[in-house]
Number of protein chains: 2
Amino acid sequence: MPLNDSNPTTRGRPKTLGRDHVLKTALMCYWAGSPTDVPISEICDKAGASKPGLYREFGSDDGLKEAVLDVYTEMVSKRRYDILASDQPFDEVLEALITHTIQDRQTAGVPNGCLLFAMRARREEFGPLTARKIDQLRENSLEQYRQWIDRAKTNRQFRSDIPTDVAALYFDAQTGSAMRLQKEGVSNVVIGEILRTAFSALR
Amino acid sequence: MPLNDSNPTTRGRPKTLGRDHVLKTALMCYWAGSPTDVPISEICDKAGASKPGLYREFGSDDGLKEAVLDVYTEMVSKRRYDILASDQPFDEVLEALITHTIQDRQTAGVPNGCLLFAMRARREEFGPLTARKIDQLRENSLEQYRQWIDRAKTNRQFRSDIPTDVAALYFDAQTGSAMRLQKEGVSNVVIGEILRTAFSALR
DNA sequence: CAAATTACGTACCTATAGTTACGTAATTAA
DNA sequence: TTAATTACGTAACTATAGGTACGTAATTTG
């Protein structure tokens with residue numbers, strides 16, 4: 001129950017900790033590095049906040065990471081869901097997905113790779129709140145794929161001999177590979193070739 | 001310069017620490033869990049060794065992990081290299097790779113997933129020895145794929161319009177995805193379908 | 001036997017990271 | 001102005017994990 005600025009009850013010392021600023025700082029630290037290897041104190045330093053301030057706001061390391069995942073969903077993942085939810089032809093959506101996946105991160109001002117995939121790979125190393133959030137976001141993601149695939153099947157734009165849930169796993173896995181390769185420094189051009197090859201198997 | 005049992009110089013108190021036993025214990029701990037989250041002390045307990053014993057033998061946490069990677073290569077990865085190096089037709093090698101990848105781990109008595117891919121995903125979290133070893137093993141792996149692909153190209157069993165190094169990355173990425181899905185609990189049957197789909201794109 | 005050599009393992013050291021106790025500051029309500 | 005309220009941040013506390021000092025045990029050599 002963190003109180004926002006626009007709260008009717010305005011008694012006591014005003015809050016100076018910028019929740020959003022802290023979240024974005026943590027997000028970038030986790031995204032650019034290893035999410036399990038960024039100490040709270042580093043986030044505090046970079047965000048110009050105090051440790052007790054963070055704990056008051058997020059309760060724990062686990063709570064902070066959970067909150068960061070929500071921000072990431074809102075800031076990053078949502079764009080992908082919009083693409084999947086569009087009513088364009090299947091092949092155009094596919095192409096939009098590839099383009100979106102390999103867009104230049106330097107230009108966009110964000111790190112390479114995907115925080116969600118990075119955190120999924122380390123799922124066991126997080127606390128219960130973060131772990132549950134990771135599961136939930138992964139399930140959401142698969143569900144978006146499934147709905148897209150089912151729509152495409154209805155419109156006869158996607159072959160019906162591949163079970164929807166397997167196809168969803170396939171898209172998710174390919175995207176995950178792409179994000180990992182990107183983080184390892186493989187060029188987006190090559191990643192694009194790989195994605196196109198992988199997706200061509202579904203025609 | 002760890003001395004083996006069959007050493008000519010046999011002075012002083014005989015060594016009781018079982019190097020191989022410690023390595024295998026560590027290997028299984030890392031493989032079954034998160035390689036960055038297994039404390040040395042846990043390996044000592046499970047192997048029945050003392051901490052100073054481990055440090056005498058491996059120098060450091062980093063040194064132990066480096067040594068474990070060599071054991072893993074010898075015990076696990078080599079089988080895959082043998083398959084790639086065989087002179088069977090391309091399609092049969094491909095099928096053998098899939099079969100090998102999705103073989104039941106319970107039966108084989110080993111954990112799900114692949115230690116090498118798990119460690120690659122956490123590359124930044126290891127010391128210099130382990131990090132270099134990871135890079136070296138990954139490069140070895142890609143090289144095996146490349147040689148296999150080039151041979152297949154020569155025999156006209158593989159399309160020539162895909163650059164060899166891109167195809168190698170493709171195989172490596174697909175295998176990595178498979179190992180990750182396996183670790184997450186996806187059934188080997190489904191993983192097999194996914195692999196077959198991914199590889200069908202290369203025909 | 002004593003000396004030299006090598007390995008053993010208990011009990012510590014140290015650094016780090018998550019977490020919090022507590023005294024203080026800033027604000028509103030009476 | 002005083003009380004009540006809320007938030008602030010310094011300076012701890014605690015647990016864990018990598019690493020080691022050092023006294024002891026087991027062996028070969030002379």
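Predicted, not measured: the structure shown is a model, and the values here were computed from it. Values below: all heavy atoms of this structure, side chains included; hydrogens, waters and symmetry mates excluded. Within every chain, numbering begins at 1; the chains are lettered A, B, ... in the order of the sequence lines, protein sequences first and strands thereafter.
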Atom-pair distance (CD1 on A:Ile40; P on D:dC13), nearest Å
20 Å
Between A:Gln157 and A:Asp91, is there a side-chain donor-acceptor contact under 3.5 Å, judged purely by atom types and distance?
no
Please report the distance, rounded to the nearest Å, between CG in A:Asp45 and P in D:dT10.
11 Å
If you compare all heavy atoms of B:Asn112 against all heavy atoms of B:Trp31, which two are closest, and at what distance to 0.1 Å?
O-NE1, 3.4 Å
Tell me the interatomic distance from A:Glu57, atom CD, to D:dT6, atom C1', rounded to whole angstroms.
13 Å
For residues A:Gln144 and A:Arg80, is any side-chain donor paired with an opposing acceptor at under 3.5 Å?
no
Measure from the side chain of B:Lys15, starting at C-beta and using heavy atoms only, and say which of D:dG9, C:dC8, C:dT5 lies closest.
C:dC8
I need the CG-P distance between B:Leu64 and D:dA17, as an integer number of Å.
15 Å
The residue, B:Gly12 or B:Leu17, whose nearest nucleotide of DNA chain C is more 5′ is B:Gly12
Does the side chain of A:Tyr55 get closer than 4.0 angstrom to OP1 or OP2 of C:dT19 through an N or O atom?
yes
With hydrogens left out and only the distance checked, is there a donor-acceptor pair under 3.5 Å joining B:Lys51's side chain and the base of C:dG9?
no
Go through the side-chain N and O atoms of A:Ser34 and A:Asp37 and say whether any donor and acceptor fall under 3.5 Å apart.
no
Which part of the nucleic acid, if any, lies within reach of B:Pro52 when heavy atoms closer than 4.0 Å are counted: base, sugar-phosphate only, or nothing?
base
When the distance from CG of B:Leu129 to P of D:dG18 is rounded to whole Å, what number comes out?
15 Å
Using a heavy-atom cut-off of under 4.0 Å over every strand shown, decide if B:Pro14 touches base, sugar-phosphate, or nothing.
sugar-phosphate
Taking the minimum atom-to-atom distance to the side chain of B:Asp61, which one of C:dT5, D:dG19, C:dT27 wins?
D:dG19
Atom CD of A:Glu125 and atom P of C:dA17: how far apart are they, to the nearest Å?
15 Å
Can you identify which nucleotide, out of D:dG19, D:dT29, C:dG18, has its nearest atom closest to the B:Ser60 side chain?
D:dG19
Examine the base of D:dG19 for any acceptor or donor lying under 3.5 Å from a partner atom in the side chain of B:Arg56, and report the outcome as yes or no.
no
Rounded to whole angstrom units, what separation is found between the CD atom of A:Glu42 and the C1' atom of C:dG18?
15 Å
If we only count heavy atoms from C-beta on, is the B:Thr36 to A:Thr36 side-chain gap below 4.5 Å?
no
Take atom CZ of A:Phe58 and atom C1' of C:dT19, then tell me their distance rounded to the nearest Å.
16 Å
Within less than 4.0 Å of OP1 or OP2 of D:dC8, is there a side-chain N or O belonging to A:Thr16?
yes
Hey, does the side chain of A:Arg13 come within less than 4.0 Å of D:dT5's phosphate (OP1/OP2), counting only N and O?
no
Assign each of B:Lys65 and A:Ser50 to its nearest nucleotide of DNA chain D by heavy atoms, then name whichever residue's nucleotide is nearer the 5' end.
A:Ser50
